[in-house]
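Everything on this sheet refers to the single structure shown next.
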Amino acid sequence: MHRSGTVPRMPELPEVETVRRMIEAHARGRRVAEARRSRSRLHVSSRSSGLASLRGRTLERVERRGKYLLLRFGDLTLLSHLGMSGRWLFFDEAPSRLMPHVHARLEFADGSELWFQDPRRFGQLRVVARADVDRDASLQRLGRDPLDPPLTARELAELANGSRTSVKVFLLDQARIAGIGNIYASEILFRARVHPRRRAGAVAADEWRRIAAEIPAVLQEAIDRMGTTFSTYRTPLNEPGAYGERLMVYDRAGEPCRRCGTPIRRVVQGQRSTFFCPSCQGKALKQRRSARR
DNA sequence: ATCCTATCCTGTAGGC
DNA sequence: TGCCTACAGGATAGGA
């Protein structure tokens with residue numbers, strides 16, 4: 001039986017949405033007294049420089065675009081991506097103990113604090129002028145949010161029209177649909193009873209209908225449970241998410257399918273694990289064609 | 001254009 | 001017990 005060597009937390013739309021709500025609930029309306037950036041560097045285009053310019057500004061609201069968070073401070077926006085291991089942590093008062101991998105600290109005027117921690121440094125953090133937010137390359141690449149308004153089967157079919165990539169990789173493509181990650185892609189396809197290796201451009205209309213129904217169902221159920229926690233994922237109040245117990249296939253290779261008992265299989269697509277039930281999710285298109293003969 | 005691959009990084013599990 | 005290694009995958013750049 002395969003057990004992944006690590007128990008990663010992978011912030012996808014439901015986890016990011018949970019973080020968004022928590023930050024709004026606890027830090028909204030607070031004024032930044034001090035904004036500090038640690039020496040530890042984040043990766044890629046993620047400069048946390050400019051953080052000091054948030055001083056004296058008030059956190060007005062927090063938005064989400066795909067897996068990105070936008071913390072709005074007047075005419076400045078703090079753009080944040082959690083990457084693989086990023087966390088926003090909220091404290092009513094400054095913690096006395098030191099924590100590793102803290103890249104940014106916002107100290108509010110009332111003594112509460114909001115920290116960004118990211119051990120693996122895949123996360124992003126940058127201050128952008130409000131006028132430049134919509135010109136940000138990362139945000140410009142994003143496709144539409146799958147929940148707002150809900151994706152329709154017709155839209156999905158149009159997005160996939162002519163695509164030769166697998167439906168699993170298709171669901172992960174943030175340029176088409178922004179927010180679905182590796183865990184929920186497998187879960188969505190299981191519940192829609194579609195084989196992950198099916199070519200996206202060849203998925204049938206009834207299958208798109210099932211996928212279109214399961215995308216909001218799975219994501220909303222996960223949001224309701226504050227996301228999925230494997231080990232270290234926590235909300236900004238340090239609570240675990242509860243969707244993990246609902247997982248049907250993810251990280252369950254070799255274990256019996258909760259629907260039919262067939263052992264769950266793990267394959268690799270695009271250098272990422274995919275989990276599926278070979279019985280419930282039928283066959284890849286290629287195999288199905290030959291079976292018809 | 002579209003798809004694919006390598007790369008970044010560190011905590012953790014599993015083997016010995 | 002403790003050391004060692006393999007593995008997990010977000011976005012992105014560059015190549016086919």
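Throughout, protein chains are lettered first and strands after them, A, B, ... in sequence-line order, and every chain is numbered starting at 1.
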Discussion item. Taking atom types as they are modelled, would you say the side chain of A/R121 forms a donor-acceptor pair with the base of B/dC9 within the 3.5 Å cutoff?
Written reply: no

Practice prompt. Measure the distance from CZ on A/R272 to P on C/dT12 and round it to the nearest whole Å.
Written response: 12 Å

Worksheet item: Do the side-chain N or O atoms of A/H81 get closer than 4.0 angstrom to the phosphate oxygens (OP1, OP2) of C/dA11?
Response: yes

Worksheet item: Does a nitrogen or oxygen in the side chain of A/Y250 sit under 4.0 Å from OP1 or OP2 of C/dA8?
Response: no

Worksheet entry | Spacing of A/Q174 atom CD relative to C/dA13 atom C1', expressed in whole Å | 17 Å

Worksheet item: Would you call A/R64-A/D145 a salt bridge at under 4.0 Å N-O?
Response: yes

Worksheet, complete the sentence: Out of C/dA11, B/dT10, C/dG9, minimum distance to the side chain of A/K67 belongs to C/dA11

Worksheet item: Looking at A/F73, does the NZ or CZ of A/R130 lie under 6.0 angstrom from its six-membered ring centre and within 45 degrees of the ring axis?
Response: no

Worksheet entry | Check ion pair A/R20-A/E24 (N to O, under 4.0 angstrom) | yes

Worksheet item: Hey, are A/R126 and A/S138 close enough side-chain-wise for a donor-acceptor pair under 3.5 Å?
Response: yes

Practice prompt. Let me know the distance between CD of A/Q124 and P of C/dG10, rounded to the nearest Å.
Written response: 13 Å

Practice prompt. Return the value, rounded to whole Å, for the distance between atom CD of A/E15 and atom P of C/dG10.
Written response: 10 Å

Item to complete: Take the protein atom CE of A/M99 and the nucleotide atom C1' of B/dT10, then report the distance between them rounded to whole Å.
Response: 15 Å

Fill in: Closest to the A/R164 side chain, choosing from C/dA8, B/dC3, B/dC9
B/dC3

Item to complete: Quickly work out the A/R65 CZ to C/dA11 C1' distance and round it to whole Å.
Response: 18 Å

Fill in: Aromatic ring proximity, centroids under 6.0 angstrom, A/W208 and A/F170
yes

Fill in: N or O in side chain of A/S85 less than 4.0 angstrom from C/dG10 OP1/OP2
no

Discussion item. Using a 4.0 Å heavy-atom cut-off, does A/Y68 contact any base of the nucleic acid, only the sugar-phosphate backbone, or nothing at all?
Written reply: sugar-phosphate

Worksheet item: On DNA chain B, nearest-nucleotide positions of A/P100 versus A/R176: which is more 5'?
Response: A/R176

Item to complete: Tell me yes or no: between the side chains of A/E15 and A/Y184, is some donor less than 3.5 Å from an acceptor?
Response: yes

Discussion item. Any N or O donor-acceptor pair under 3.5 Å from the base of C/dG10 to the side chain of A/R120?
Written reply: no

Worksheet item: Phosphate oxygens OP1/OP2 of B/dC3: is one of them under 4.0 Å from a side-chain N or O of A/S163?
Response: yes

Worksheet item: So, does the side chain of A/Q271 form a donor-acceptor pair with the base of B/dA6 at under 3.5 Å?
Response: yes

Worksheet entry | Nearest-Å distance for atom pair CG/C1', residues A/D173 and B/dT2 | 10 Å

Fill in: Base paired to B/dT7 (Watson-Crick or G-U; both N/O distances under 3.5 angstrom)
C/dA11

Discussion item. Distance check needed: C/dT12 C1' versus A/R141 CZ, whole Å only.
Written reply: 7 Å

Discussion item. Is A/S273 close enough to C/dG9 that one of its side-chain N or O atoms is under 4.0 Å from OP1 or OP2 there?
Written reply: yes

Discussion item. Can you work out whether A/P119 or A/T165 has the more 5'-proximal nearest nucleotide on DNA chain B?
Written reply: A/T165

